[in-house]
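Step one of this worksheet: look at the structure below.
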Amino acid sequence: EKPRRFREKSGLNEHLGRHENETGPSRAERDTLIPAPIELPDDILVLYRQHVEDLVGTLTDEPVAGPAADELHKLNKTVVLACDEEADFVTLEIHGKLLAFGYPGCKKPP
């Protein structure tokens with residue numbers, strides 16, 4: 001189709017309206033694709049505090065622990081544990097996408 005020139009805005013709007021069906025879903029169809037809002041409990045802050053205060057309990061609960069471990073495995077590439085028996089000292093190194101944890105002072109590599 002030969003490119004058209006429009007002298008008035010209304011002509012352009014009419015042209016675009018005719019071609020909307022050819023380019024994708026209509027506005028009404030797009031509006032139905034928007035997910036419904038998530039209803040949060042009124043005491044969400046209390047629940048959060050309970051989970052954080054009992055972090056060990058929260059993270060050992062299988063419905064939480066399984067997905068949490070899966071996410072951590074995606075972030076960690078290797079874990080190196082070095083033991084200096086003379087100094088009674090253990091060093092733990094974690095290599096991976098540590099910026100996802102948001103450590104202060106941790107900068108992206110060049």
Distance-only donor-acceptor pairs under 3.5 Å for side chains of residues 87-94, two or more places apart:
residue	atom	partner	partner atom	Å
Glu93	OE1	His95	NE2	3.0

Value rounded to 0.5 Å, distance of CG in Asn76 from OG1 in Thr78: 8.5 Å
Cluster check Val79, Leu81: I/L/V/M/F/W/Y, side chain < 4.5 angstrom: yes
Quiz: residues 51-63 side-chain donor-acceptor pairs under 3.5 angstrom, not counting sequence neighbours:
residue	atom	partner	partner atom	Å
His51	ND1	Thr58	OG1	3.3
Asp54	OD1	Gly57	N	3.2
Thr58	OG1	His51	O	2.9
Thr58	OG1	Asp54	O	3.0
Thr60	OG1	Val56	O	2.8
Thr60	OG1	Gly57	O	3.2

Enumerate the salt bridge (charged side-chain N to carboxylate O under 4.0 Å, His left out) contacts for residues 32-47, please, sequence neighbours excluded, ordered by first and then second residue. none
Got a sec, which residues hit side-chain hydrogen bond (donor to acceptor under 3.5 Å, both in side chains) with Lys74, two or more places apart in sequence or on another chain? Glu71
